[in-house]
Engineer: 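Provided herewith is a single structure, encoded as structure tokens, for subsequent inquiry.
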Amino acid sequence: MGIGWGLNEEVIKDPTTGINLNDNLIDYRWLTMNDIGPIDYHLVEGGLGLGPYGTSGIGECVGASSHGVMMNAIYNAIGKHVDDFPATPQKILKALGKI
Amino acid sequence: MRMFEHVNVTTLDEAVAALAKGDAAVNAGGTDLIGTLRIGVLSDDLYPKSIVNIKSISPSLDYIKEEGGMLKIGACTLLEDIAKSSVVHEGWTALAEAAHKTASPHIREMGTIGGNICQLNRCWYFRKRDNWFNCLRKGGNMCYAMAGDNRYHSIFGALKACLAVNPSDTAPALVALGAKIVTTARTIEAEDFWDMTIPGSTVLANGEIVTEIQVPALASGVKSAFVKFALRKSIDFPVVNCAAAIGGGDARICLNAVYNKPVRATAAEEAIAGATIDEANAEAAGAAAVTGNIVLPAMGNNPGNKWKIQIAKGMVKKAILACA
């Protein structure tokens with residue numbers, strides 16, 4: 001989910017009519033399992049959450065952080081910041097001054 | 001989806017007769033056709049009244065054979081069978097790689113090579129559901145991509161005022177390998193097979209069906225390769241793809257998804273033919289391949305398609321280096 005936000009997922013509208021142009025899963029490029037590498041996870045049980053016995057929800061945390069992490073990875077790779085989501089090839093080429 | 005008649009034909013003559021009036025569509029794998037019909041891409045006039053199933057033709061059009069050095073592939077051969085065929089892989093590497101990189105495993109197990117080369121063009125205005133944009137390709141009078149979001153559209157300008165791209169992965173491989181397309185009426189050079197028609201993407205007439213694809217043996221020392229740039233690995237149409245067959249002082253390079261039909265990169269061919277294949281020469285050939293491009297400018301949220309030129313350059317370079 002986070003990787004998709006970082007790299008591909010974007011609603012594209014026709015500038016003249018405002019009609020959504022990519023309302024299908026071919027043009028709205030939702031990543032599938034084959035596009036994502038193996039995931040290694042570690043749960044840190046701090047016991048400091050606000051719920052009973054110090055529990056806290058973990059469902060969407062990765063969604064909030066991974067696209068930011070991906071931007072750092074892009075900076076690490078090319079030495080330029082891409083400051084707009086999703087970091088499409090077009091934006092990366094622009095950051096590199098190629099277009 | 002509307003009502004249509006479904007016809008199972010058993011001979012090619014029956015199929016030709018059923019298609020002669022021009023109000024029927026051919027169905028083999030159906031991976032492009034059924035989706036197109038289901039979401040209502042086509043206008044009322046173009047919506048087929050009957051679907052002609054050619055999988056029931058006997059003898060079957062599903063075969064891969066090598067005769068006198070020439071590869072012959074039946075139109076109904078599954079893409080997966082071509083991708084897995086050791087004969088194709090050894091002799092015509094670019095074609096096997098192209099078939100392998102098409103769509104997803106499920107679609108390759110359904111889709112045929114005949115369907116892959118005859119699929120309708122890709123453009124989100126053309127393909128919008130319920131015929132929302134009645135564009136040129138459907139008998140309308142304008143190309144909505146001209147003033148719209150055209151980030152994935154043609155970088156070599158419009159063909160008959162249409163900016164859509166041909167999305168086939170096997171098409172550039174067939175052009176680079178010098179294939180011929182055999183239909184029920186004639187034999188066409190792969191290079192001349194595609195055109196902008198309403199709503200089709202090929203030069204096929206009404207009642208004409210692709211029956212076989214013939215690929216000549218490559219001269220000794222010629223290597224072929226296919227590369228594809230897409231935004232997803234699992235399933236995606238190409239942003240740009242490129243096939244090359246280089247060796248023996250000769251080169252054939254073909255780009256696709258950059259124009260209404262596959263484009264021979266003749267300037268790149270001249271640059272690399274006979275030259276040593278190295279990083280610098282490949283880079284120069286890549287730059288030569290995109291000369292004559294026409295950039296669709298960025299406007300508002302539309303980034304334009306200038307970025308595709310860089311991708312095309314890179315694809316030509318990669319394809320050339322893969323032939324080393």
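So that the names make sense, note that chain A is the first sequence line, chain B the second, and so on, each numbered from 1.
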Engineer: Taking all heavy atoms of Q310(B) and all of K98(A), pick out the closest pair and write down the distance.
Structural biologist: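 Residues Q310(B) and K98(A), closest heavy atoms: NE2-O, 3.1 Å.
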
Engineer: For residues A147(B) and P15(A), report the shortest heavy-atom separation together with the two atoms involved.
Structural biologist: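 It is O-CG, 4.1 Å.
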
Engineer: Are any non-hydrogen side-chain atoms of T17(A) and Y144(B) less than 4.5 angstrom apart?
Structural biologist: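 Of all side-chain heavy-atom pairs linking Y144(B) with T17(A), none is under 4.5 Å.
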
Engineer: Can you tell which part of K233(B) gets under 4.5 Å to a heavy atom of chain A, answering side chain, backbone, both or neither?
Structural biologist: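 Backbone plus side chain of K233(B), per the 4.5 Å heavy-atom cut-off to chain A.
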
Engineer: So how far is it from E9(A) CD to L231(B) CG, rounded to the nearest 0.5 Å?
Structural biologist: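 Rounded to the nearest 0.5 Å, the CD-CG separation comes out at 12.0 Å.
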
Engineer: Give a yes or no on this: more than 12 heavy atoms of other residues, nucleotides or ligands lie within 6.0 Å of atom CD of E80(B).
Structural biologist: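 Yes.
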
Engineer: Using atom types as modelled and distance alone, determine if a side-chain donor or acceptor of D35(A) lies under 3.5 Å from a backbone N or O of R232(B).
Structural biologist: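 Checking the backbone N and O of R232(B) against the side chain of D35(A), no donor-acceptor pair under 3.5 Å is found.
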
Engineer: Do any of residues 21-34 of chain A have a heavy atom less than 4.5 Å from a heavy atom of chain B, and if so, which, in residue order?
Structural biologist: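 Within residues 21-34 of chain A, near chain B: L21(A), N22(A), D23(A), L25(A), I26(A), D27(A), Y28(A), R29(A), W30(A), L31(A), T32(A), N34(A).
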
Engineer: So, taking the atom named CD1 in I19(A) and the one named CH2 in W124(B), what distance separates them when rounded to the nearest 0.5 Å?
Structural biologist: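 If we round to the nearest 0.5 Å, I19(A):CD1 and W124(B):CH2 are 14.0 Å apart.
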
Engineer: Check the surroundings of atom NZ in K318(B): do more than 12 heavy atoms from other residues, nucleotides or ligands lie under 6.0 Å from it?
Structural biologist: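 Check fails, neighbour count at 12 or below.
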
Engineer: Using a heavy-atom distance cut-off of less than 4.5 Å, which residues of residues 64-95 of chain A contact chain B?
Structural biologist: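 The residues closer than 4.5 Å to chain B, in numerical order, are P89(A), Q90(A), L93(A).
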
Engineer: Is it true that atom CG of N301(B) has more than 12 heavy atoms of other residues, nucleotides or ligands lying nearer than 6.0 Å?
Structural biologist: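 Not more than 12 within 6.0 Å, no.
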
Engineer: Given heavy-atom pairs under 4.5 angstrom as the criterion, report whether the side chain, backbone, both or neither of D149(B) touches chain A.
Structural biologist: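 Both backbone and side chain of D149(B) come within 4.5 Å of chain A.
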
Engineer: Top residue by heavy-atom pair count (under 4.5 Å) with chain A, among S104(B), P303(B), G300(B)?
Structural biologist: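 Ranked by heavy-atom pairs under 4.5 Å with chain A, first place is P303(B).
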
Engineer: Below 4.5 Å from any heavy atom of chain A, which atoms of I235(B) appear? Answer side chain, backbone, both or neither.
Structural biologist: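 Side chain only.
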
Engineer: Counting only heavy atoms not in M110(B), do more than 12 fall under 6.0 Å of its CE?
Structural biologist: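 Atom CE in M110(B) is not packed in, count stays at 12 or less.
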
Engineer: Tell me, side chain or backbone of R129(B) under 4.5 Å from chain A's heavy atoms, or both, or neither?
Structural biologist: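 For R129(B), side-chain heavy atoms alone lie under 4.5 Å from chain A.
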
